[in-house]
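Structure first, commentary second.
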Amino acid sequence: MEILRAENISKSFAGVKVLDNVRLQVEGGSVHALMGENGAGKSTFMNILMGMFPPDEGSLYIRGKEVRFAGARDAIRHGLSMIHQELLVFPELTVAENILMRREPLARGGWISRSRLYGQAAELMKQLEITIPVHEKMKNLSIGAMQMVEIVKAVSNQASVFIMDEPTSAISQRETAILFRIIDALKQQGKAIIYISHKMDEIFRVADAVTVLRDGKYIATREKDALDMQELITLIVGRELGNLYRKEETHPGDVLLEVKGLHAAGARGVSFAVRKGEVMGIAGLMGSGRTSIAHAIAGMEKITSGELLLNGLPARIDSPGAAKKQGIGLVTEDRKQWGLIPEASVKHNMVLSSLKKHSRSMLLDPARENAVADREIERFRIRASSRNQAVKSLSGGNQQKVVLSGMHLNSPGLIILDEPTRGVDIGAKQEIYQYISSQAALGKAVILISSELPEILALSDRILVIREGRVKAELGREEASQELIMKYAMTHEPAN
Amino acid sequence: QGGGQTDGKLVIGASMLSLQSEFIVKVKDAMEAEASEQQVKLIVNDAQRAAVRQVQQVESFIAQGVDAIILNPCEMEASSPAVQKAKEAGIPIINVNSETSAEPDGFVGSRDEESAEIALEHIVNLLDGRGNIVVMHGYMGQAAQLKRAAATKTVLADHPGITILAEQTAEWDRAKAMSLMENWIQSYGSKINAVFAQNDEMGMGALQALEQAGLKEKVVVVSIDAIDDALRAVKEGRLDATVYQNADEQGRKAVQMAVDYIQKSDSAAGGSIYIPFQLVTRENVDHFLK
Amino acid sequence: MNQLIENLPAKRIMNGGYLRKYGMLSAFALICLILSLVTPNFFSLQNVTIILRQVSINGILAIGVTFVIISGGIDLSLGSVVAFTGVVAALFAHPGEYPLIAALTAAILAGLAIGGLNGLAVTRGKVAPFIVTLGMMTIARGLALVASEGRPVTNLSDSFNYIGGGSLLGVPVPILIFSAIILVSSFLLNKTRIGRYMYAVGGNEKAAYASGVPVNTVKVVSYMICSGMAAIAGIVLASRITTGQPNAGVAYELDAIAAVVIGGTSLAGGIGSIGGTVLGVLLIGVINNGLDLLNISSYYQQIIKGVIIIAAALIDRKK
Amino acid sequence: MNQLIENLPAKRIMNGGYLRKYGMLSAFALICLILSLVTPNFFSLQNVTIILRQVSINGILAIGVTFVIISGGIDLSLGSVVAFTGVVAALFAHPGEYPLIAALTAAILAGLAIGGLNGLAVTRGKVAPFIVTLGMMTIARGLALVASEGRPVTNLSDSFNYIGGGSLLGVPVPILIFSAIILVSSFLLNKTRIGRYMYAVGGNEKAAYASGVPVNTVKVVSYMICSGMAAIAGIVLASRITTGQPNAGVAYELDAIAAVVIGGTSLAGGIGSIGGTVLGVLLIGVINNGLDLLNISSYYQQIIKGVIIIAAALIDRKK
Ligand SMILES: Nc1ncnc2c1ncn2[C@@H]1O[C@H](COP(=O)(O)OP(=O)(O)OP(=O)(O)O)[C@@H](O)[C@H]1O
Ligand SMILES: Nc1ncnc2c1ncn2[C@@H]1O[C@H](COP(=O)(O)OP(=O)(O)OP(=O)(O)O)[C@@H](O)[C@H]1O
Ligand SMILES: [Mg+2]
Ligand SMILES: [Mg+2]
């Protein structure tokens, strides 16, 4: 049965048409996937459905009746609930307060009952088998955990349509499995789900139908039975895509970085070495300490003990500036917090960390900056109206590419990539993979952290598996497999 | 009473209107000089122009058990609770410089209206009773501004030949007065015959603006307070006149009265001492310049 | 992310809650200890009462503006609102004209109206809070002068003057009012939905909107609470100085905001507590009182006061 | 994200750059138009010169604090710094004692030192800028009073007084200084690396840090520029009123910050321009001048001024 239908939706920002006559129809008890490249207009479309802002044109029907939303409150009242791509959390409030915002249980006097608030939230967590303490302040959680809280918040709404805009971009397989269990349950209850993701395997796992957008236009809708991977990719990117994971041949050289007994906030005695010209993958579950290791090497986190050797010499890296000087570049997993100046333009974001290189002593060199920015926009195929567009108005995937190019412009010898394909579309992923393997072929050392095992497996020469801040295994390219990695990542050992 | 004595010395608490005002600082200096001659301990608090702070300071003095209080009121009415509190606590309180509506045990100072009367009369004389004047007010609503404004009205009522072209506040501030005068020159140009500024700071500002516009020769400027800068300007023939208020005598007499009051502890020691204002012109300015 | 994050003000402020409060609490305790050692009268019941009465006006204002700041706004108009509402109250408080309640109602309605206008200009008008309330600061001052014709409004009834000058069971009335406001405000902010929504709106306005929080209503209410409190402060002040003074309250907003910030509320919004604000108010009050008791020359008082405020904040973040 | 985002202050300001500037520019043009219709002298060369001279001190201060605000800070101390540095300059400017340069150097060094202290307290001390500069506000006022013993420092040399009172080729010196500062500041902010870093630090401090921007240095420099400008303003003011006034400059910080915010710079940091600030300064200056020319009663002046400021901001966001 049809629950929600959108027709002829159009929307422009500052004269640029972002959505052009798109449509969508979702049925109760099914999952409708929405796909498209970065910047295709998926999030804009969903935000319109959710009443976050009005469309320029078009109409919306719920169970056949036309509706108009004056705001998100209206949409919620009409039974919509959304997980936003951009995390929309209250960092200073607790997990429970975040989950039950606008649904706080009241005591008899009309005031908020704290005990019931925390009780209800804990109950929800238990039902969904998620172990995040409900008294914790939101800001103390990792992004993955925040994402889980957002999921709980959205799915615990009494809604009939659930919109999920890239809910899995920041979580690992274990959490994704939980989400899929939730989705199955919602389907059982006859709810409609709109699901956005760039991960093909997920789409084939959950979707009952797929609608594809390209350049703000409606392209096609396919039922599950008629779905074919190659065709879908072609619909999305508008062209044939070759082998996704093409890896150039690498010739590992001397050791560039050696880490000895590293202790930091989330790392407990980590040792490994990376050679020039190799890609070393780091795999692990959410919260296992991968980001801590990356941050410690890149000067973003205090090293409490242990030693770093660069080219065999002890290195003192106490700030990102110091790391940069010594040829270490990091692409952060949390671009909103650590990666971008939202108000600044694409160009300014790109050249920020390499500004010294691209200016004449203390003076800026605008012509050079422009040239560099245009070249990078070209290289990473960034979809922006111009190099001067504020980076915050780019789509998520394009923001990610800006972060990547900012790192690239410093041409570091050691590249650390923490979830570099978060929220990136399949075409762009291919480009990033090519970039990674070409950098290694050029003799750079690459550390690749990712929760997407296929990409780790395809691109890495060697894989470290991290659990609870420790290196649990080091697997060669040949021996590594998803099963083996998960075995090392998950096996529980008695704590020592 | 008397509990605040240290080494047997008498203790007097003083709450001053504002120690950022040049005139009040002079009064305070005189009080301190007198206090050290009389061998009494003087505690000086700065009320920073806020009546409520003044009330609080007097309450603190009462709590500390000082032997007498000297109040330099911020406001006529608003500082009155301070006087009442002291009297209820049986601690003698002397007002210095200006009055409150609640009657203190003694008063040393001047009638603020008088200063404006003297200044205005002088302007009227210089203009021969005919002409246009502009008036610069102090911070609106403060006692000094109100009294000087009231006196301006009463004096001018007797001189129908004088018209007020414009009046505006420059908040006692020289830079603001300069801007205001510049703007008035734009509006009224040579129609302005005289400026009355409620204090010397503003008078000096008006003077400088007029000089820069090349109009000083044609315009009379008179203000109040006799600060050093104004006295020098009078001597140089730039400022036409200022009005002198005797800070030294006010301060000294206030302390003397307080000490008398404590020692004789009877109301005969109180009463009111009015120290007259004096007009300062080029003729008598040397007498005031140190 | 330990070290790095500790280097960042945002995080530091966030580190928030208890830790921060206790840091400032120790600073406060330290200052009280020093003062009670060097000044014999400091810890007397009488002096403590005096301090509390002294801080009550700033306290009421600071609590009011805490609501606005937590919701992500600012209010610069409150000093002028104190003057305006004080004048309004005084105009209705002449002996034998109207009942006491008329003066109180008129002043509080005037305050709420100004707060409502501030809130509407911020929400409907979409003008930055700083500009709106700066404009309102001069508007309300002008209104106070117009209403009073530039003169202090005097001759107020005894019942009115009792509010600021009287005592109940030995406790000055302003302290009672201040205490009641502390209790009511804590309750409002922590136990009611609208209170929690203030944290939400200040913490992440877009997220609040997306969650269906009535963002505009929450903001308007916060401004109305703030100006309403300013009206109460205006009444207490007018009553204490037995005058409706059109030039009262100049720069009060700065003292109030200072107390709020010293108390650990972030000007960025979303963080803060009434308890912290009260602590900030007391800290400033104790410094003012102590420096007066010590009879330090007023020039040096200012220097010392500034140093103590910064030093207290330093201790605060060390903890 | 039109509607929602339009509800958000951040976005409104961001919508930024040109659009916003032109909104305020139209508001400014409209006000000028009305004033030139109702007051005959408004558009005379002489009056324009007068307006420019009148705004130059606030202009210098506003430009200084623009640097701090863009870097994500705030400076409340600048009014007191104006007084303190004015007094310092005056102390070295008595005729026949030292050369002119001594007075200028002393004042500017004093300003830079205060700015440096502010910057260090914010970066090393990790105290919120609001608290640091609020503390410094009272400290610098105290220093001004101590240095001058609470009295105006008078009797200054003619060469010193020329700075505020003189003209060069018919243009008053303060206007020349203000113009030079506009040019240098625009250059610094737009054409140099440190200027770019200021936007970055104000826009997202964490991301700037992670990019290797020397965050602390950038902040300290911004505070030093701000206090240095305040010293220049202090010199110009002392020279203009031929006195080092220890109680000068009270609340100047508010006027300066108001001009900056009216000019479209966000108090949240990361957005803003010198051009916008200059526009804000002119807007305030023109309103003050026009209301004086119209000889509107000072009570109503305040009301009208507040209304115009809010109305201009409304036009601004409509565009
Ligand atoms: N506020 C805005 N101003 C200008 N352009 C905008 C704004 N918001 C979105 N856009 C543009 O609209 C286009 C669609 O963005 P949207 O976020 O909907 O893409 P998306 O399909 O969700 O992409 P992704 O997969 O990367 O999340 C992008 O090109 C983006 O730059
Ligand atoms: N500042 C800190 N203080 C204490 N513990 C921390 C801190 N930062 C991280 N941790 C803990 O260290 C562990 C590793 O976190 P980290 O973010 O490095 O993991 P991750 O493998 O990258 O996971 P994710 O996929 O969530 O990013 C987590 O359990 C986290 O809670
Ligand atoms: Mg999207
Ligand atoms: Mg991670």
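Convention: sequence-line order gives letters A, B, ...; per-chain numbering from 1.
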Check your understanding: In terms of heavy-atom pairs under 4.5 Å, which option from D:Ala207, D:Gly212, D:Pro214 contacts chain A the most?
Key -> D:Ala207
Review point. Distance from A:Glu343 atom CD to D:Tyr199 atom OH, nearest 0.5 Å?
Key: 12.0 Å
**Study point:** For the student: nearest non-hydrogen atoms of A:Pro320 and D:Ala210, plus distance
**Key:** CB-O, 3.4 Å
Review point. Of the backbone (N, CA, C, O) and the side chain (C-beta and beyond), which part of A:Leu340 lies under 4.5 Å from a heavy atom of chain D, both, or neither?
Key: backbone
Study note, to complete from the structure: Assert top hit (heavy-atom pairs under 4.5 Å, partner chain D, pool A:Ser353, A:Ser319, A:Gly406) equals A:Ser353
Review point. Between atom OH of D:Tyr197 and atom CG of A:Leu355, what is the distance when rounded to the nearest 0.5 Å?
Key: 4.5 Å
Point to revise | Minimum-distance pair of heavy atoms, taken over all atoms of A:Leu352 and D:Ser211 | key: CD2-OG, 3.7 Å
Study note, to complete from the structure: Ranking A:Ser43, A:Ser361, A:Ser354 by heavy-atom pairs under 4.5 Å to chain D gives rank one to A:Ser361
Practice item. To the nearest 0.5 angstrom, please state how far the CD1 atom of D:Ile271 sits from the CD1 atom of A:Ile341. Key: 11.5 Å
**Study point:** Spacing of D:Lys206 atom NZ and A:Gln337 atom CD [to the nearest 0.5 Å]
**Key:** 3.5 Å
Revision key, fill the gap. Residues of residues 111-119 of chain D with a heavy atom under 4.5 Å from any heavy atom of chain A, in residue-number order, are none
Review point. At a heavy-atom separation under 4.5 Å, does A:Ser359 approach chain D through its side chain, its backbone, both, or neither?
Key: side chain
Check your understanding: Can you tell which of D:Asn190, D:Val213, D:Ile194, D:Thr192 has the highest number of heavy-atom pairs within less than 4.5 Å of chain A?
Key -> D:Thr192
Point to revise | Nearest-0.5 Å distance that lies between atom CE in A:Met362 and atom CG in D:Leu188 | key: 8.5 Å
Exercise for review: Select one option (side chain, backbone, both, neither) describing which atoms of A:Val351 are under 4.5 Å from chain D's heavy atoms.
Suggested key: side chain
Check your understanding: Hey, what do you get for NE2 (A:His348) to CZ (D:Arg196), rounding to the nearest 0.5 Å?
Key -> 3.5 Å
Review point. What residue among A:Arg360, A:Lys356, A:His358 forms side chain to side chain contact (heavy atoms under 4.5 Å, CB included) with D:Arg193?
Key: A:Lys356
